[in-house]
Protein chains: 2
Amino acid sequence: MSTVGLQLRELREKAGFSLRKAAVAIDIDVAILSKMERGERKFSKELVLKLAELYKTNSDKLVIDYLSEKVLYELEEEEFGLEALKVAEKQLKYKKNK
Amino acid sequence: MSTVGLQLRELREKAGFSLRKAAVAIDIDVAILSKMERGERKFSKELVLKLAELYKTNSDKLVIDYLSEKVLYELEEEEFGLEALKVAEKQLKYKKNK
DNA sequence: ATTACCTTTGACAATATTAGTCAACACATA
DNA sequence: TATGTGTTGACTAATATTGTCAAAGGTAAT
């Protein structure tokens with residue numbers, strides 16, 4: 001399950017766009033959008049932003065979830081995934097204070 | 001800087017392997033190992049494990065750092081990188097208890 | 001100064017992964 | 001039937017990753 005996909009599907013429906021209309025509006029093939037919403041294909045950040053704009057919604061949470069999914073994808077099945085995340089977090093915090 | 005690269009370089013030197021010998025032992029081109037140790041190319045997990053074994057050292061920390069680097073690479077320059085990590089962590093913890 | 005190592009570098013080819021295109025399908029409804 | 005909906009799979013194109021190779025430059029010993 002892709003939460004970004006589900007979120008964007010809901011947003012699209014609430015905004016009254018058909019899959020085709022939305023795809024045309026952001027200039028991609030309808031097949032791609034269909035697959036992305038269902039998690040069969042990964043989103044790109046660019047498309048997440050375009051869709052958020054199209055649906056007139058704030059993109060922050062969407063982007064965060066998008067990144068989170070990307071990270072989890074890399075860590076799936078990894079025994080030390082959680083430890084790796086903690087190390088990454090520490091490094092990132094440190095970097096921010098540079 | 002790649003901490004995995006640096007760590008593996010130190011380990012190699014302590015174990016008394018030349019770059020060439022180590023590369024031969026794990027069956028890769030010496031150029032690749034050279035680049036990996038210096039962070040010019042990404043390691044694969046498989047190679048990290050092979051090298052750890054070659055150097056007779058525990059691989060856990062190396063793997064964790066390897067994964068952490070991979071994750072940070074995806075998040076570099078991302079405004080919401082830290083938030084994404086936290087979401088990912090939460091999801092991973094949840095998943096572990098399934 | 002040549003031999004024998006070492007590491008680094010860059011150009012190139014091979015492969016794998018990801019992204020995009022397209023046509024057809026199934027479903028519903030006017 | 002005609003129109004609009006979303007889904008699917010096969011195919012191609014583009015991009016990224018990996019592997020190969022030859023050559024360069026360094027160091028040390030003889």
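- A straight line from CZ of R41(A) to C1' of dA10(D) spans 12 Å, rounded to a whole angstrom.
- With rounding to whole Å, L47(A) atom CG is found 13 Å from dT18(C) atom C1'.
- In terms of modelled atom types and a separation under 3.5 Å, the side chain of S44(A) and the main chain of L47(A) share a donor-acceptor contact.
- We find that NZ of K50(A) is positioned 14 Å from P of dA19(C), with the value rounded to whole Å.
- Atoms CZ and CG, on R38(B) and L33(B) in that order, are 9.5 Å from each other to the nearest 0.5 Å.
- Under 3.5 Å, the side chain of K35(B) and the base of dG19(D) form no donor-acceptor pair of N or O atoms.
- Residues of residues 9-23 of chain B having a heavy atom closer than 4.0 Å to DNA chain D: none are found.
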Acceptor/donor pairs from residues 11-28 of chain B side chains to any protein atom, 3.5 angstrom cut, sequence neighbours excluded:
from   : atom 1 : to     : atom 2 : distance (Å)
R12(B) : NE     : E37(B) : OE2    : 2.8
R12(B) : NH1    : F17(B) : O      : 3.1
R12(B) : NH2    : E37(B) : OE1    : 3.0
S18(B) : OG     : R20(B) : N      : 3.4
S18(B) : OG     : K21(B) : N      : 3.0

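- Listed nucleotides: dT9(C), dG19(D), dG9(D). Nearest to the side chain of A31(A): dG9(D).
- If you take CD1 of I32(B) and C1' of dA22(D), they are 15 Å apart, rounded to a whole angstrom.
- Counting to the nearest Å, the P atom of dT21(C) and the CD1 atom of I28(A) are 10 Å from each other.
- Across every non-hydrogen atom of L62(B) and V4(B), the tightest pair is O-CG2, 3.9 Å.
- The distance from atom CE of M36(A) to atom P of dG20(C) is 7 Å, rounded to the nearest whole Å.
- Straight-line distance from the CG atom of L33(B) to the C1' atom of dC21(D): 17 Å, rounded to whole Å.
- If you measure from atom CD of E46(B) to atom P of dA16(C), you get 14 Å, rounded to the nearest angstrom.
- Remark: the R38(A) side chain and the dG6(D) base include no donor-acceptor N/O pair separated by less than 3.5 Å.
- Checked by atom type and distance alone, the side chain of E69(A) pairs as donor or acceptor with a backbone atom of T3(A) at under 3.5 Å.
- The residues K93(A) and E89(A) are annotated as salt-bridged, a charged nitrogen and a carboxylate oxygen being separated by less than 4.0 angstrom.
- Applying the salt bridge (Lys or Arg N to Asp or Glu O under 4.0 Å) criterion to E77(B), with sequence neighbours excluded, gives no partner residue.
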